[in-house]
Amino acid sequence: MSETAFVHREGVTRGGSWRLVLERELVDLWLGGKALVLLTLFSILLGITAYLMATNNELRLLPIKEIAYLMLKLVVAFGLFMSLIIGADSISGERERGTLEGLLLTPTSRRQIMLGKFFAALSAWPPAFLLASPLIAVLCRDSQVVSWSLLWGGILGTVLVLGVTGLAMLVSFWSGSNRTSIAVSLIIYLVFLLPTQFPGQAQTGAFGDLLQKWNPLEASNVFLAKVIVNNRTVGEMSSWLVAPILFAVLMLSVLFLYASPGLGLEPGRARGRASWGRIAGLLAVAWVVATMLVGAYPTAAASSDSPVQVVVDREWVTARTGDRVEFTTLVKNTSSAATPPLIVAMNIINLQGEVVDPEDWSPQRTQSMDPLVPGASVEHTWIIDAILKGDYLVYMVVIPQPAGQESTSSPVASSGIHLTVTPFTRINPRGVLPLAVGIPLSLTATTFLLRWRRRRAITVGEREG
Amino acid sequence: MNSEDTAATGRTSGAGVQAPILEAEHLKKAYNGRPALRDLSFSLAPGRILGFLGPNGAGKTTAIRILTTILEPDAGRFTIAGIDSRCPEQIRARIGVLPESQGYPKEMTGVGYLTYFARHYGWSAKDAQRLSWALLEVVGLQHRARSLIGSYSRGMRQRLGIARALVNDPAVVFLDEPTLGLDPRGQQELLALIRRLAREHGAAVILCSHLLSEIESVCDDVVILSQGQVVAKGSVLDVIGRARGSGVRVQVPLSAMADAEQVLEALPFVVRVVPKGQGSGWLLVEVLGGSAESNIAHNAVLEALILAKIPILTFEAEGSRLQEVFLQLTEETIR
C-alpha cells in the first residue's frame with residue numbers, strides 16, 4: 001500500500017466548495033450532452049422562426065419592435081424550458097442514478113451542493129440568450145430597439161430563469177422519482193402558460209388583470225410587450241415587474257433557506273423545524289405585501305368652450321414600418337379672454353376603417369397646458385411610431401377644461417396629417433440565413449463530435465480493460 | 001457509555017485498552033412510525049474491524065446511514081473521533097464510505113473522479129491528482145486511470161468506490177458489501193486491503209456483508225441486528241462461543257440409535273436428545289451451560305458414546321460457525 005495514499009488531510013469545508021460542484025455539473029450537463037442537445041434544438045427552432053420572420057411576406061410586415069418582442073418571448077420561453085428540465089433533474093436524477101450519496105458523504109455542506117447545482121442549472125440561459133441576440137440584431141437593425149429589447153429581455157428572462165430553476169429544483173427535492181419531478185415541473189410550467197390561452201374576454205377585467213399580473217410569466221410578457229412594442233415607460237409598467245421578482249425571491253428563499261439543509265437521499269425531508277404552515281404563511285404574507293404595493297402604485301389617470309386654435313406643421317407624411325415620425329403643434333389663444341387649462345390630445349384613425357389602438361403608435365398621446373392669456377401660443381412636439389402599414393389620418397384635439405361639474409366644453413380639432421405607412425423592407429433575408437442555419441449546424445456538429453469522442457473513449461477504455 | 005453496551009472494546013496494548021474512535025448510544029430511527037432501528041449502542045476502537053450483520057430489513061443500512069450522517073436519528077447520539085453527531089460536516093471529514101448502491105458518473109475518468117472527491121476534502125487540484133494516482137495503485141486500477149468510468153466493469157467500479165472512501169485517510173471506514181461483484185481473487189485482495197487499513201494505519205472499519213465467511217475471516221468484532229434490534233454483539237469468537245452452548249449433533253449407525261439415545265439421556269448435563277431426519281442416524285443433543293461448560297459437555301458426550309462402544313459417524317458442535325449463530329439468532333427474533 002502506498003504511503004502517499006494515506007497522508008491524512010483534515011477535511012475542510014470551504015465556502016467555495018460549490019464551485020467544485022458547479023464544475024462537475026457543468027461537465028456533466030455540457031459534455032454529457034443534455035444541455036447541448038437542448039440548446040441545439042432551441043437553435044433550430046430559433047433559426048426557423050428568424051428565417052420565417054425575415055422571408056415570409058406576412059410576417060415581414062411585423063414592425064421591428066414586434067419582431068424583437070416575439071423573438072424575446074421565444075428565447076425566454078425556451079430558456080425557461082431548459083432551466084426547468086435541468087433543474088427538475090438536478091436532485092431526483094442524481095438520487096436515481098445513485099450519484100448523490102457520494103456527494104452527500106463529503107464535508108461539503110448541503111447548501112453549497114445546492115448552490116453549485118443551482119448555478120449549473122442556470123447555465124443554459126446565457127448561451128440561449130447569446131444565440132438569439134445576433135438574430136434579433138439582424139432582424140431589427142435598429143440599435144435603439146435592439147439594445148432596449150435585449151436589455152429588458154435579458155433582465156426579465158434572468159429573473160424568470162432564477163425563479164423557474166428554483167421551482168424545478170424544489171420539485172426535484174420533493175420528488176420520489178425523476179419522472180415525477182420532470183412531469184410535475186412541466187405541469188406547473190403549463191399552468192403558468194395557461195392564462196395566455198384563455199379567450200380575450202377572460203383576460204380583461206379585474207379577474208383577467210389579476211391572472212395576468214400575478215402570473216410571473218404572463219406579467220413579464222405584458223411588460224415586455226408594452227415597454228418594447230407599445231412605447232410605454234418602465235415607470236408606467238413597473239407594477240408588472242412585481243410578480244416575476246417576487247416569484248424569484250420566494251423560490252430562492254424556500255430553496256436555500258428551507259430545503260437546502262435537508263438535502264438527502266429521501267425526498268423532501270427538510271431539516272430544522274420549518275413547517276409547511278410556516279412556508280404557506282410566508283408565501284401569503286409576501287403575496288399580501290405585493291398586492292398592497294400594486295394597489296398603492298398610482299395607476300395612470302386620465303384627466304373640457306373656448307376660442308383656441310390648433311395647427312400642425314405637416315399635411316402628409318410617408319413612412320415605413322418601424323420609422324419614427326415627428327411633428328409639432330401650435331396652440332394659440334385667439335380670443336380676448338384667457339383660456340381655462342387645456343389638454344392637447346393626439347388621435348389616429350385608419351382610413352380603411354380598420355381598428356387602431358393609438359396607444360401602440362405614440363409614447364405620449366396627451367399633454368396638459370396651463371391657461372393661455374390672450375394672444376399667447378404654445379408649441380408641442382409629438383412622436384408617432386409607424387408600426388403597421390396602411391393609410392392613416394393623424395389629428396390633434398384641444399380640450400378646454402369645463403368650468404364645473406354641470407358644464408361642458410367644445411373640443412377644437414386641427415387639420416389632419418395624412419400618414420401613409422409602407423411595409424418594412426430593410427430586413428435582408430440573406431443576412432439572416434447564415435445565422436439561422438449556421439448556429440444550429442455548428443451546435444449539432446459540436447454535439448455529435450462530443451458524443452463520438454465519448455463513445456470512442458469508452459470503446460478504447462473497454463479494449464484496454 | 002454503559003460497559004454492557006460495548007461490543008468492541010478495542011485491542012489491548014501495552015498502555016491498556018484504546019479509547020473508542022466510534023461510540024454510538026441508543027440510536028433509534030423509524031420510518032412513518034415503523035421502527036427501523038430500535039436501540040443501537042456499540043463502540044469501536046481504532047484498528048478494529050467490526051462486522052455488521054443482519055438479514056434484509058434488519059436495519060443495517062439505516063444504521064450505516066445514521067453513522068455516516070446521511071440520516072438523522074430520531075433518538076440517541078454518536079461520536080466519531082471525538083466529534084459529536086450534531087456536527088455532521090466535521091464527521092464526514094473523518095470518515096470514508098462505500099455505500100451499498102453507489103452510482104458513478106460514466107463521463108468521468110477514474111483519476112478525474114477521485115481528484116474531484118479529494119478536492120472536496122480541501123486538497124489542491126495538483127495534490128488531489130497525485131493522491132488519486134496513489135489510491136488507484138492501491139486498488140489496482142492505475143492502468144485504467146484515464147479510462148471513462150462508463151467502460152469499467154462492476155468489480156472495477158467497486159474498487160474505485162473503495163479508493164474514493166480512502167481519499168481523506170479516514171479514521172473510520174464504512175464498507176457496505178465491498179466485495180460485491182468481485183471475483184474470488186479480487187475478494188481476497190480486498191479483504192487483505194481492509195486488514196492492512198486497520199492494522200497498519202489504525203483505521204476502524206465497519207464492514208457490512210452477507211458473506212458470513214468473509215466477516216468471520218476478517219472481522220474482530222461483530223454486531224448482529226434483526227428487526228432493528230441488536231441480538232448479539234462482541235468479538236467474533238465470543239459471539240460464536242455464546243451460541244455453541246446449545247448442543248451437538250451426532251450421527252450414529254441406525255441400528256445403534258436407540259442405544260445412543262439411552263446412553264446420552266442418562267448424562268446429567270444433557271437436557272434432551274432429539275432424533276433429526278428420518279432414518280439418517282442424526283441425534284441432536286441439547287446440553288446445559290455456557291461456552292466453557294459446553295466444551296466439557298461435548299467431550300463427555302463423545303466419551304460416553306465411545307465407552308458404550310457406539311460407532312460415531314459424524315460429530316458437530318452446533319453453532320460452531322458464524323453462519324449458524326446468525327441463522328439461530330435471527331430466526332429467534334423473527335419468531
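None of these values were measured; they are calculated from a predicted model. Lettering follows sequence order; numbering is per chain, from 1.
- Ring centroid separation for the pair A:F129 and A:W125 comes in under the 6.0 Å cut-off.
- Contacts with chain B (heavy atom to heavy atom, under 4.5 Å) involve no residue of residues 78-93 of chain A.
- B:F52 has its ring centre less than 6.0 Å from the ring centre of B:F42.
- For the residue pair A:R110 and A:L263, the shortest heavy atom distance occurs at NE-O, 3.3 Å.
- Ring pair B:H120/B:F117 is tilted by interplanar angle, where 30° to 60° counts as tilted.
- With a 4.5 Å cut-off on non-hydrogen atoms, A:E94 does not touch chain B at all.
- B:E214 and B:S209 share a donor-acceptor pair across their side chains, judged by distance under 3.5 Å alone.
- No side-chain donor-acceptor contact under 3.5 Å links A:R95 and A:S175.
- Both the backbone and the side chain of A:L103 come within contact range of chain B, with heavy atoms under 4.5 Å apart.
- Each of B:V138, B:I194, B:L98 was checked for a side chain to side chain contact (heavy atoms under 4.5 Å, CB included) with B:I162, and the lone residue meeting it is B:L98.
- Proximity to chain A (any heavy atom under 4.5 Å) is restricted, for B:Y104, to the backbone atoms N, CA, C and O.
- In terms of heavy-atom pairs under 4.5 Å with chain B, the best-connected choice from A:T106, A:V21, A:L265 is A:T106.
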Go through the steps for B:L27 and B:L67 under the test side chain to side chain contact (heavy atoms under 4.5 Å, CB included), then give the verdict. CA-CA 9 Å; B:L27 295 175; B:L67 293 169; 3.9 Å; yes
